[in-house]
Structures are given as structure tokens and as C-alpha cells.
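To start, the structure under review is shown below, and the notes come after it.
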Amino acid sequence: MRILQLHSNFIEYKPIQKEISAAEEAEKKAVRLEEIVVLFTAVEEGDNIGVAEKAVEEISTFLKKLKVNRILIYPYAHLSSKLAKPSEAIKIVKAMESFAKVKGIETFRAPFGWNKQFTISIKGHPLAEQSRTILPSEIKEKKEEKISEAVKAEEKLESFWYILQPDGKMVPVDDFDFAEHENLEKFARYEISKVRASQQMPPHVPLMKRLEIADYESGSDPGNIRWYPKGRLIKSLLEQLVTAKMIEYGAMEVETPVMYDFQHPSLADYLNRFPARQYLLKSEDKELFLRFAACFGQFLMVHDTQFSYKHMPLRVYELTRYSFRREKSGEVVGLRRLRAFTMPDCHAFCTDLEQAKNEFITRFKLCINVLKEIGLDREDYEVAIRFTKDFYEQNKDFVTSLAEIFGRPVLVEMWVEKFFYFILKWDFNFVDNQDKAAALSTDQIDVENAKRYDITYVDEKGEKRYPLILHCSPSGAIERDVYALLEKAYKEQQKGKSPMLPLWLSPTQVRIVPMSDKYLAEVEKIAEAIGSENIRVDIDDRTLTLQKRIREAEMEWIPYIIVVGQKELESNRLPVRKRKSGKIQKMTLEDLIGEIRKIVEGKPFKPLPIPKHLSQRPQFYG
RNA sequence: GCCUCGGUAGCUCAGUCUGGUAGAGCAACGGCCUUGUAAGCCGUAGGUCGCGGGAUCAAGGCCCGCCCGAGGCUCCA
């Protein structure tokens with residue numbers, strides 16, 4: 001930072017015209033200030049808040065010598081040839097202003113980004129004219145991080161916690177009897193006191209590796225995951241299911257860019273209201289960030305969209321592959337918390353609070369259904385509802401109706417003030433084997449962003465109005481759904497049951513094990529018959545013992561295993577080893593196909609993405 | 001991000017304390033076995049001991065820095 005510091009009798013300046021698009025708003029009016037120290041200031045590349053503070057510190061010492069306590073911060077680019085970006089410079093200039101005010105200095109500031117004309121009269125004493133250069137200190141620069149205002153605000157956030165019962169009674173968490181709500185207690189403790197018992201690795205991590213679903217990729221950044229064919233299949237099916245449900249609900253699927261310009265005015269402002277850390281990207285002279293949700297793209301799109309109350313609620317949906325959040329390294333674990341993840345994100349633009357509330361209920365039910373279809377029942381997760389005190393007091397019945405629909409007590413977090421851009425949100429939380437909670441589905445009522453992005457609709461009277469925006473992820477991150485399914489399977493195993501994935505997600509649904517290669521040709525025909533019914537079937541044609549092949553099929557969590565030998569070919573009845581019951585049941589081929597078709601009815605299907613014959617199959621892990 | 005622990009064959013791990021020739025099981029590959037519902041037998045091959053630097057005659061082991069993972073702290077819109 002370079003400052004030309006002039007002790008003046010007076011300065012008179014007048015903004016003439018905006019020089020850059022990022023310029024501040026200002027009146028084209030002459031300003032005259034007397035007996036003042038004028039600071040012509042150029043913010044240079046690499047300057048940060050620390051520099052602003054240091055500058056004010058130095059100036060303040062100097063002001064005392066001069067016995068003056070008035071300054072004018074006058075943005076003046078011509079002092080440096082390596083200027084900071086305007087958006088950065090304006091922040092630092094503003095920071096200087098507030099630091100100075102805090103120090104009790106009477107502070108004025110000329111608008112940033114304007115051509116200004118000025119007249120100045122400088123005192124003649126030896127200290128009247130000074131030039132100073134302030135550089136960022138090395139250590140501070142390294143530690144300095146782009147943390148949004150929301151992240152900082154959150155640190156100061158004060159919450160009050162309750163349990164809301166389906167009958168509408170709200171009990172402070174400490175007074176609630178958790179006897180029959182063990183998971184809710186774990187979730188509440190996790191949210192509030194952050195106590196956790198676990199000493200073990202998250203069980204889904206060895207599982208995701210051993211089942212050849214996914215693995216860490218050390219060649220990338222932490223939290224960027226590698227998906228093997230079976231994992232890709234599972235993830236892809238989940239993506240298809242969620243998308244199908246959203247289209248059925250009436251959402252319009254779109255696709256938007258993964259990276260955005262840091263300088264864009266709406267975006268920069270929004271970044272500061274969203275508590276997430278970003279990946280930054282430099283491309284030529286542009287600074288970009290990777291999206292952490294679909295909000296940006298959808299809002300920019302809807303900003304340019306013509307719509308009226310007749311089209312509302314207007315529902316826009318995108319499956320973001322990926323969304324990026326640079327979570328703190330200590331937080332990134334397995335598939336629970338990633339830095340790059342696939343998130344379905346659906347916004348509904350609503351005319352007023354009444355419509356928003358109706359839509360909110362529709363989506364609440366929709367999300368319960370989406371999780372159920374995925375394989376997560378109501379018993380598998382806990383609900384949190386979070387709101388401002390004002391909202392609750394004006395909408396008690398509405399809030400209660402959510403708990404009523406869910407049918408079990410829910411955790412409530414109440415804020416005295418609005419810290420975020422929303423007034424109400426809920427989230428469904430999976431409690432895992434380490435007693436840690438992870439949010440899946442969520443929805444919120446946003447009261448700020450329509451204005452920020454200048455999104456308007458036309459009402460009955462033909463007037464432009466700002467809609468309310470609902471932000472919903474119907475399933476939460478897809479990776480997190482896989483995490484929840486694996487953790488759920490592990491829980492089942494702890495209870496003595498055979499762990500498994502839902503049938504529609506099992507990579508191999510039916511495995512046929514021929515007694516020996518004599519029966520291969522016949523087995524191919526059976527596999528053909530099953531496969532033609534959109535059932536994923538494979539054949540263990542390896543020359544291993546039968547027992548070994550059964551064991552491996554069981555370890556792969558295959559739902560149906562059929563051994564075929566002489567007897568089967570003669571009898572026409574297949575001994576089907578069912579994982580779910582743990583029993584071998586004799587069935588005809590038609591019965592087996594019928595049973596599977598019934599269980600997976602209405603679910604997406606994709607063929608097996610690996611060789612049908614196990615002898616042809618590579619091993620990705622272990 | 002901080003503290004603690006860990007990283008040795010594709011996988012799971014021993015060896016590190018006390019420096020002195022790189023180990024096992026599983027998997028892979030070759031062969032035998034042609035099997036009746038959760039591990040058949042024999043053999044072969046497989047290693048920059050996470051990466052970089054240092055002290056030492058000598059480092060997987062000791063010291064320093066970094067990367068990756070786990071637990072805790074913090075955080076989780």
C-alpha cells in the first residue's frame with residue numbers, strides 16, 4: 001500500500017463519473033473539508049486487512065505529532081503500478097476507514113472508482129508532505145484466509161435448544177426425557193455439547209474400500225474421492241432416483257457452470273453470507289471460485305427469466321457434480337464429509353410466505369419419501385428444525401405441523417437474531433456408528449437472495465416483486481447417502497444380521513455359481529433369462545472350490561446366490577441362497593425373477609458395468 | 001487449522017523401543033484338484049519401507065521439514 005499524506009488547509013473534491021463497474025454509489029456533489037490530513041491511497045496487490053490496520057496505526061501516531069484528528073481517505077490509483085483488484089482494494093480502503101473510526105479519528109472517505117476533480121491547499125511546514133509504503137507482514141499474509149463474514153458471524157452465534165414434540169409442546173433439551181429416543185439424544189448431544197464417544201475408525205471407510213465402491217485419491221486434494229465401477233453404479237442409480245423424484249415433483253432440471261467470477265457483485269456479496277470456504281482458481285488475470293451449491297447458477301439464470309405469479313412456485317433443480325467446499329482438513333472423513341461432492345439442489349421461488357409455507361410442507365414430505373426410496377427409513381435419521389425467534393412466534397402452528405408430519409420429537413435450534421439469509425430451515429440427520437451426525441436432506445426459507453440477485457416476478461397487479469426462495473437438497477449429498485447406507489448396514493451387522501445394500505443398489509443382484517465348468521453352457525442360459533429381465537446377474541466361472549466361491553459372494557453382500565449342478569438341471573428348481581433370510585430356498589426361475597422385479601419395482605436400473613464372468617474381472621482393491 | 005497416533009508387497013499387518021542381509025497371511029500369476037452352499041494343495045513373482053533433507057562406517061528404525069490417513073479439539077450453512 002502506498003500513501004501520500006498531506007496536511008492541508010482544505011481540500012475540495014467532486015465525483016465526476018464512474019471509472020469502473022465496481023465503483024461505489026456516490027453523489028456528484030462537491031465536498032469541502034478543512035484542517036485535515038488527506039491520505040491519497042493506492043492499494044497494491046497482496047495487501048490485506050493487516051496492512052490496513054498497520055497503515056492506520058502509523059498514521060494515528062503521526063496525527064498525534066501534528067495535533068490533528070481528521071483524515072480523508074482518498075483512493076488514488078496513480079501511486080502504484082501494481083494495483084490490487086478493485087474489489088479487494090475497496091474492502092481494504094473500507095477496513096482502513098473503520099479501523100480509523102475505532103481509534104476515534106474523525107474519518108472521511110472519498111468514493112472509490114470515480115473520476116474526481118479536486119483542489120487542495122497544503123500547509124508549508126516540514127512534516128506536511130509525507131509518503132509511506134506499507135507492506136503485508138510475511139506471517140500474517142500466510143495465515144490470512146478468505147473467510148466469509150458468515151463464517152465469522154457463526155462463531156458468535158448464540159442458539160437456544162429445545163425438543164419439539166409432535167403435539168406442539170416445546171421442552172428445553174435438558175428437561176426432555178430421552179428414554180425412548182436414544183438416537184435423538186445422541187444427535188442433540190452431538191449438535192449442542194459436541195461430546196462424542198468414538199475411538200474407532202468410521203466403519204464405512206473399510207467397507208467402501210473392500211466392496212470396491214470408493215477410495216481416497218491421494219493424487220488429488222483430501223475429500224476428493226475415487227469411485228470404482230461398482231461405486232459409480234451405485235452413485236449413478238442414486239442420482240437417477242433423486243432426479244426422477246424431483247422431476248415428478250415438478251422441478252425443471254437445468255445445468256449451470258461449476259466456477260464463477262469472484263468479482264461478480266451479487267456473488268461476492270452472497271459469498272459473505274454463506275458459511276463455507278471455497279476453492280479458489282486463478283485463470284489468466286481472472287479470479288474464480290468453485291461453486292459450493294447450485295444457488296449461483298440458478299439465481300443468475302432466474303434473474304434473466306420472465307415469470308409471474310401464475311408460474312409459481314417456480315421450481316428449478318440441478319444435480320451438481322460437483323459442489324466444492326474447502327472443509328477444514330481435520331473434518332474431511334471417508335464419505336461423510338468431502339470437499340467435492342454431488343448434491344441435488346432444488347430452489348422454489350414463491351410469491352409470499354403463505355405459498356412458501358405450503359411448498360415447504362410439500363417438500364418436507366417429498367424428502368421423507370426420497371430417503372425412504374433410497375433405503376433410509378424415518379427410524380434411521382433425526383430431524384432438526386432451526387428458526388429465528390420472531391418466525392416461531394408468528395408461525396407456531398406451522399412449525400409444529402412439521403414435527404407432527406414426522407411423527408417423532410425433533411430437535412429445535414432457535415436464534416434470537418437472523419444470522420443467515422434464511423428464517424427457517426430443517427435438516428434430516430443420520431447418526432452413525434461413532435455417534436456422529438451428518439445432515440442429509442434439508443430445506444430453508446431464504447428472505448435475502450431474491451433482492452441480492454435482483455430476481456423479480458410480476459404479481460396480479462402487474463408490479464415487480466421479490467419472491468421468497470426455498471433451498472432444498474432432497475437427499476443431501478449423494479456420497480453421504482452411500483455413507484449412510486454403509487453405516488446402516490454395519491449397524492445391522494452389529495445386531496447380528498447380514499449387512500447388505502438395498503437390492504436395487506446391489507451391483508450384483510444374482511450370482512450364479514456352477515458346480516463345475518461342465519455346467520457353464522447351461523448356466524449361461526439361466527443368466528441370459530435373468531439378465532433379460534433387467535436384473536444384474538453374473539457368473540462365478542473361476543476354478544475355485546464351491547465353498548470358496550460362496551464365501552466370496554457372501555463377502556460381496558450379494559443378495560441372491562444360486563449354485564447350479566446336475567440336480568438343478570434335472571429338477572428345474574433352483575436352490576436360492578437369500579442373504580436377507582440367510583436361508584436356501586428352492587424356487588423356479590420365474591418365481592425368482594418375479595420376486596426381484598417386485599422388490600425393485602419403480603427403481604432405476606443400469607446394467608452391470610463390469611464383466612459378467614468373474615474370471616474376466618480385475619480386482620480394484622485388496 | 002491445532003494436538004496425538006499412524007503410513008513397510010495390491011490388501012491386512014509384524015519388524016522401529018535397542019541402527020547391522022526386507023518378513024507373514026490373504027490377493028495376483030503357474031500347476032494339481034472338477035468340487036454340493038463362508039477359506040483345498042503345491043509353487044512363482046511381487047518392496048523408491050509415504051516424500052525430501054540431515055547426523056552416522058551403516059537407516060525401514062535416529063533428527064528436521066513436507067504429503068496422506070485416523071482419533072481428539074474446533075467446525076458442520
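Below, chains carry the letters A, B, ... as their sequence lines are ordered, and counting in each starts from 1.
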Legend entry - Backbone N/O of Phe398(A) and side chain of Asn395(A): donor-acceptor pair under 3.5 Å: no
Legend entry - rU21(B) and rG25(B), which share atom name C1', separated by this distance in whole Å: 23 Å
Inset, instruction - Determine which nucleotide pairs with rU34(B), using a 3.5 Å limit on both distances of a Watson-Crick or G-U wobble pair. - result: none
Inset, instruction - Determine the sole option in Tyr490(A), Phe430(A), Tyr483(A) for which the ring pair (Phe, Tyr, Trp, His ring centres under 6.0 Å) test with His204(A) is passed. - result: Tyr483(A)
Legend entry - Pairwise C1' distance, rG50(B) and rU8(B) [rounded to whole Å]: 10 Å
Legend entry - salt bridge (Lys or Arg N to Asp or Glu O under 4.0 Å) against Lys497(A), all qualifying residues, sequence neighbours excluded: Glu492(A)
Inset, instruction - Provide, to the nearest angstrom, the distance between the OH atom belonging to Tyr190(A) and the P atom belonging to rU74(B). - result: 11 Å
Inset, instruction - In whole angstrom, give the distance that lies between atom CD of Gln493(A) and atom P of rA38(B). - result: 17 Å
Inset, instruction - Under the ring pair (Phe, Tyr, Trp, His ring centres under 6.0 Å) rule, collect the residues that match up with Phe160(A), sequence neighbours excluded. - result: none
Legend entry - Selection from rU34(B), rC75(B), rG71(B) that lies nearest to any side-chain heavy atom of Ser516(A): rU34(B)
Legend entry - rU48(B) pairs with, by Watson-Crick or G-U criteria that keep both distances under 3.5 Å: none
Inset, instruction - Searching all strands shown, indicate the nucleotide that pairs with rG60(B) (Watson-Crick or G-U wobble; both distances under 3.5 Å). - result: none
Legend entry - Sugar-phosphate, base or nothing in reach of Asp427(A), heavy atoms under 4.0 Å: nothing
Inset, instruction - Could you tell me which nucleotide pairs with rG19(B) by Watson-Crick or G-U wobble geometry, both distances under 3.5 Å, or answer none if nothing does? - result: none
Legend entry - Given rG71(B), rU74(B), rC76(B), the nucleotide with the shortest approach to the side chain of Arg337(A): rC76(B)
Legend entry - Backbone of Asp427(A) reached by a side-chain donor or acceptor of Asn429(A) within 3.5 Å: yes
Legend entry - Side chain Asp517(A), main chain Leu520(A), donor-acceptor under 3.5 Å: no
Legend entry - Tyr322(A) ring center near Phe341(A) ring center (under 6.0 Å): no
Inset, instruction - Give the rounded distance in Å between these two atoms: CZ of Phe324(A) and C1' of rC76(B). - result: 19 Å
Inset, instruction - Please check if the distance between the ring centroids of Phe178(A) and Phe187(A) is under 6.0 Å. - result: no
Legend entry - Rounded P spacing from rG23(B) to rG6(B) in Å: 24 Å
Inset, instruction - Test for a donor-acceptor pair under 3.5 Å between the base of rU34(B) and the side chain of Lys518(A), counting only N and O atoms. - result: no
Would you list the protein and nucleotides 42-48 of chain B atom pairs, both N or O, that sit under 3.5 Å from each other?
none

Inset, instruction - Select base, sugar-phosphate, or nothing to describe what Phe620(A) touches, counting heavy atoms under 4.0 Å on all strands. - result: nothing
Inset, instruction - Start with the C-alpha gap between Asp432(A) and Arg336(A), add the side-chain angles, then the distance that decides, and say whether salt bridge (charged side-chain N to carboxylate O under 4.0 Å, His left out) holds. - result: CA-CA 10 Å; Asp432(A) 68 18; Arg336(A) 183 199 294 137; 2.9 Å; yes
Legend entry - Pairing partner (Watson-Crick or G-U wobble, both distances under 3.5 angstrom) of rC73(B): rG1(B)
Legend entry - Leu319(A) vs Tyr317(A), side-chain contact (heavy atoms from CB on, under 4.5 Å): CA-CA, chis, key distance, verdict: CA-CA 7 Å; Leu319(A) 181 75; Tyr317(A) 164 78; 3.6 Å; yes
Inset, instruction - Round to a whole Å and report the spacing from CG of Asp221(A) to C1' of rG69(B). - result: 14 Å
Find every protein N or O atom lying less than 3.5 Å from an N or O atom of nucleotides 64-66 of chain B, and list the pairs.
none

Legend entry - Base partner of rC26(B), which must satisfy Watson-Crick or wobble distances under 3.5 Å: rG10(B)
Legend entry - Under 4.0 angstrom between Gln434(A) side-chain N/O and rG71(B) OP1 or OP2: yes
Inset, instruction - Take atom CD of Gln619(A) and atom C1' of rA9(B), then tell me their distance rounded to the nearest Å. - result: 14 Å
Inset, instruction - Looking only at side-chain atoms of Tyr216(A), point me to the closest of rA70(B), rU12(B), rA28(B). - result: rA70(B)
Inset, instruction - Could you say whether Pro202(A) or Met343(A) is positioned toward the 5' end of RNA chain B, judged by the nucleotide with the nearest heavy atom to each? - result: Pro202(A)
Inset, instruction - Would you please indicate if the ring centroids of Tyr453(A) and His303(A) are separated by under 6.0 Å? - result: no
Inset, instruction - Quick one: sort the Tyr381(A) and Phe406(A) rings into parallel, tilted or perpendicular, breaks at 30° and 60°. - result: tilted
Inset, instruction - Flag the pair Tyr421(A) / His471(A) as yes when their ring centroid distance falls below 6.0 Å, and as no otherwise. - result: yes
Legend entry - Interatomic distance where CD belongs to Glu331(A) and C1' belongs to rG69(B) [whole Å]: 15 Å
Legend entry - C1'-based separation of rA28(B) from rA9(B) [nearest Å]: 11 Å
Inset, instruction - Strictly below 4.0 Å, heavy-atom distances to any atom of RNA chain B: list the hits from residues 540-570 of chain A, or just say none. - result: Thr543(A), Leu544(A), Thr545(A), Leu546(A), Gln547(A), Lys548(A), Ile550(A), Arg551(A), Glu554(A), Met555(A), Val563(A), Gly565(A), Gln566(A), Lys567(A), Glu568(A)
Legend entry - Minimum-distance nucleotide (side-chain atoms of Met515(A) versus rG1(B), rG36(B), rU37(B)): rG36(B)
Inset, instruction - Assign Gly476(A) to base, sugar-phosphate, or nothing according to its heavy-atom contacts below 4.0 angstrom with the strands shown. - result: nothing
Inset, instruction - Would you tell me if any nitrogen or oxygen in the side chain of Tyr228(A) comes within less than 4.0 Å of OP1 or OP2 on rG10(B)? - result: no
Legend entry - Separation between the C1' atoms of rG46(B) and rA59(B), rounded to whole Å: 23 Å
Inset, instruction - Determine, using ring centers only, whether Phe289(A) and Phe296(A) are less than 6.0 Å apart. - result: yes
Legend entry - Short side-chain N/O contact from Lys436(A) to OP1 or OP2 of rG72(B), under 4.0 Å: yes
Legend entry - Separation of rC67(B) P from Asn224(A) CG (nearest whole Å): 16 Å
Legend entry - Whole-Å C1' distance, rC5(B) and rC17(B): 16 Å
Legend entry - P atoms of rG60(B) and rG52(B), separation to the nearest Å: 13 Å
Inset, instruction - Starting from P on rA70(B), measure out to NZ on Lys328(A) and report it in whole angstrom. - result: 16 Å
Legend entry - With Phe387(A) via ring pair (Phe, Tyr, Trp, His ring centres under 6.0 Å) - residues at least two apart: Tyr392(A)
Inset, instruction - May I ask you to say what Pro575(A) touches in the nucleic acid, namely base, sugar-phosphate or nothing, with a heavy-atom cut-off under 4.0 Å? - result: base
Inset, instruction - Rounded to whole angstrom, note down the C1' distance from rC41(B) over to rC51(B). - result: 42 Å
Legend entry - Nearest to side-chain heavy atoms of Arg577(A), which nucleotide of rG71(B), rA38(B), rC75(B): rA38(B)
